[in-house]
Amino acid sequence: MAQSVGIKDVARVAGVSVGTVSNVINRPDTVAAETRARVLSAIDRLGYVRSESARQLRAGRSRIMGLLVLDMGNPFFVDVARGAERAARAAGLGVMVCNSAQNASEEADYLSLFAEQRVRGVLLTPADATGRNIEAFRRHGIPFVLVDRVAEGTTECSVSVDDVAGGALAVRHLVDAGHRSLAYVSGPPGLNQVRDRRTGALNALAEAGLGPQALRELPTERLDVAAGRDAGARLLGLADRPTAVFCANDLLALGVLQAMYAAGVGVPDDLAIVGYDDIEFAAAAAVPLTSVRQPAVTMGALAAELLLEETETGSVPHEHRRVVLRPELVVRRSSLSAR
């Protein structure tokens with residue numbers, strides 16, 4: 001394996017000191033034009049690339065922002081990452097994207113990696129319901145912003161959507177359409193988002209004079225299409241099958257839709273379906289999916305901007321803020337049966 005070229009090699013070939021090479025790289029205006037040209041020629045011939053990470057560690061100012069999400073297989077988090085990257089690039093920073101896969105142990109490993117790399121800060125959608133990973137990471141003194149999660153019990157910034165309101169939007173729509181027996185395909189119960197959407201669903205039922213027994217919960221271990229298909233199979237096996245289902249995200253809803261299609265159950269005539277997130281695939285499904293839209297790109301951008309505000313070295317102290325965005329119901333054919 002070829003050895004990497006260092007700054008000493010450039011200095012030797014150019015016939016100058018290491019300090020002069022450093023000045024050409026970092027403060028070119030302080031070096032005479034002829035010397036600067038000689039150093040740049042040596043850099044070009046040797047293919048020298050400076051160690052940005054080492055420079056950042058010395059300066060204590062990384063140009064990398066960490067982003068740790070629950071599932072990069074979910075287009076919702078791809079959109080969050082797109083928004084974060086847009087804001088980071090505008091500030092001259094890059095984004096290191098990592099995927100906890102909804103696993104607390106993997107989350108802990110990635111947070112340790114961010115600490116080792118001395119990233120500028122971290123955007124985090126927590127997978128660990130206990131909060132222990134956040135507590136351990138806080139000791140490193142690296143700023144972080146919670147994404148798609150309210151910063152309950154912490155002083156950090158957060159950007160989230162009002163999931164209680166979102167769950168209410170979904171179920172209110174189904175109740176208004178005449179449904180009185182519903183299911184909630186909920187995902188892992190340890191996730192705050194799952195619990196908040198259920199709370200909103202129950203609130204909407206109470207508004208309509210219906211008790212919690214009107215909502216049958218079908219928990220799943222994951223928030224993906226395969227888990228949705230499994231929940232759909234369980235739904236089909238119920239003797240008193242509900243007439244409508246609200247799913248904690250669109251991937252679950254698409255899985256339920258697939259299960260119904262395979263069993264010959266009509267959507268929406270036999271079963272109305274509402275998802276959550278309004279990912280791109282929702283509108284493109286075989287039966288276009290009604291969904292509660294989250295402004296994912298905006299969420300990522302706002303979180304990155306809050307982190308940048310906190311990490312800027314200025315005389316004005318940073319004030320932690322909780323930003324809560326409003327969800328929006330997007331009605332499509334999957335919930336439009338006449339009852």
Side-chain angles (χ1 to χ4, degrees), residues 22-30 49-70 72 76-100 107-108 110-126 131 133-162 294-326:
S22 177
N23 285 336
V24 169
I25 294 170
N26 298 300
R27 296 177 294 278
D29 292 341
T30 65
V49 178
R50 67 176 176 176
S51 175
E52 184 66 13
S53 60
R55 186 188 71 81
Q56 290 169 8
L57 283 173
R58 288 193 300 272
R61 294 287 292 169
S62 171
R63 293 180 57 245
I64 298 297
M65 178 186 298
L67 171 62
L68 182 55
V69 300
L70 289 177
M72 279 305 293
F76 167 76
F77 287 111
V78 175
D79 286 342
V80 169
R82 188 187 310 146
E85 183 194 28
R86 186 178 301 166
R89 283 177 62 84
L93 273 65
V95 179
M96 181 192 298
V97 182
C98 298
N99 177 27
S100 71
E107 176 182 81
Y110 280 123
L111 288 174
S112 294
L113 175 64
F114 289 151
E116 290 170 8
Q117 295 297 315
R118 301 292 194 275
V119 296
R120 176 76 65 92
V122 174
L123 308 179
L124 170 64
T125 304
N133 286 343
I134 288 178
E135 285 303 314
F137 184 70
R138 187 179 281 114
R139 292 197 293 268
H140 297 289
I142 298 174
F144 63 90
V145 175
L146 298 180
V147 184
D148 194 30
R149 168 85 175 269
V150 176
E152 296 173 349
T154 72
T155 59
E156 282 75 23
C157 290
S158 65
V159 182
S160 62
V161 166
D162 188 339
Q294 297 199 81
V297 174
T298 300
M299 191 183 301
L302 286 173
E305 289 166 5
L306 286 173
L307 188 60
L308 289 167
E309 284 180 18
E310 184 171 357
T311 58
E312 287 300 320
T313 54
S315 57
V316 179
H318 173 75
E319 287 188 20
H320 290 301
R321 302 201 304 276
R322 295 182 182 181
V323 179
V324 181
L325 304 174
R326 298 295 298 179

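When a residue number appears, it is its place in the shown sequence, counting from 1. No experiment lies behind these values; they were computed from the predicted model shown.
For Pro126, the side-chain contact (heavy atoms from CB on, under 4.5 Å) test picks out Glu107, Leu124, Ile134, Leu146, Arg149, with sequence neighbours left out. Legend: residues meeting side chain to side chain donor-acceptor pair (under 3.5 Å) with Asn99, ordered by chain and number and at least two apart, are absent. Ala91 is linked by a side-chain contact (heavy atoms from CB on, under 4.5 Å) to Leu93, Leu308, counting only residues two or more places apart in sequence or in another chain. For the side chain to side chain donor-acceptor pair (under 3.5 Å) test, no residue two or more places apart in sequence or in another chain qualifies with Arg139. Under the side-chain contact (heavy atoms from CB on, under 4.5 Å) criterion, Asp79 pairs with Arg82, Ala296, Val297, sequence neighbours left out. Remark: Glu85 pairs with no residue by the side chain to side chain donor-acceptor pair (under 3.5 Å) rule, at least two apart or across chains. Applying the salt bridge (charged side-chain N to carboxylate O under 4.0 Å, His left out) test to Arg321 and every residue at least two apart in sequence or in another chain returns Glu309. With sequence neighbours excluded, no residue satisfies side chain to side chain donor-acceptor pair (under 3.5 Å) with Ser160. By the salt bridge (charged side-chain N to carboxylate O under 4.0 Å, His left out) test, Arg326 pairs with Asp162, sequence neighbours left out. For Ala108, the side-chain contact (heavy atoms from CB on, under 4.5 Å) criterion is met by Asn133, not counting sequence neighbours.
With rounding to the nearest 0.5 angstrom, the CD atom of Gln294 is 4.5 Å from the CE atom of Met299. Atom CZ in Phe144 sits 12.0 Å away from atom CG in Leu68 (nearest 0.5 Å). From Arg120, atom CZ reaches atom CZ of Arg63 across 8.5 Å, with rounding to the nearest 0.5 Å. Taking CD of Glu305 as the reference point, atom CZ of Arg86 lies at 10.5 Å (rounded to 0.5 Å).
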Derivation and outcome, side chain to side chain contact (heavy atoms under 4.5 Å, CB included), residues Phe114 and Ile142: CA-CA 9 Å; Phe114 289 151; Ile142 298 174; 5.6 Å; no
Could you please spell out the steps behind the side chain to side chain contact (heavy atoms under 4.5 Å, CB included) verdict for Val119 and Met65? CA-CA 6 Å; Val119 296; Met65 178 186 298; over 6 Å; no
One pair to check against side chain to side chain contact (heavy atoms under 4.5 Å, CB included): Arg118 and His140. What are the steps and the verdict? CA-CA 9 Å; Arg118 301 292 194 275; His140 297 289; over 6 Å; no
Dump the intermediate steps for side chain to side chain contact (heavy atoms under 4.5 Å, CB included) on Asp148 and Phe76, then the final yes or no. CA-CA 10 Å; Asp148 194 30; Phe76 167 76; 3.7 Å; yes
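The shortest side-chain heavy-atom distance between Leu307 and Cys157 does not fall under the 4.5 Å cut-off. Between Glu156 and Val145 there is no side-chain heavy-atom pair separated by less than 4.5 Å.
The nearest pair of heavy atoms linking Val69 to Phe77 is CB-CD2, 3.7 Å. Nearest heavy-atom pair, Val95 versus Ala88, reported as atom, atom and distance to 0.1 Å: CG2-CB, 3.6 Å.
Remark: side-chain polar atoms of Arg27 are not paired, donor with acceptor, to backbone N or O of Val24 under 3.5 angstrom.
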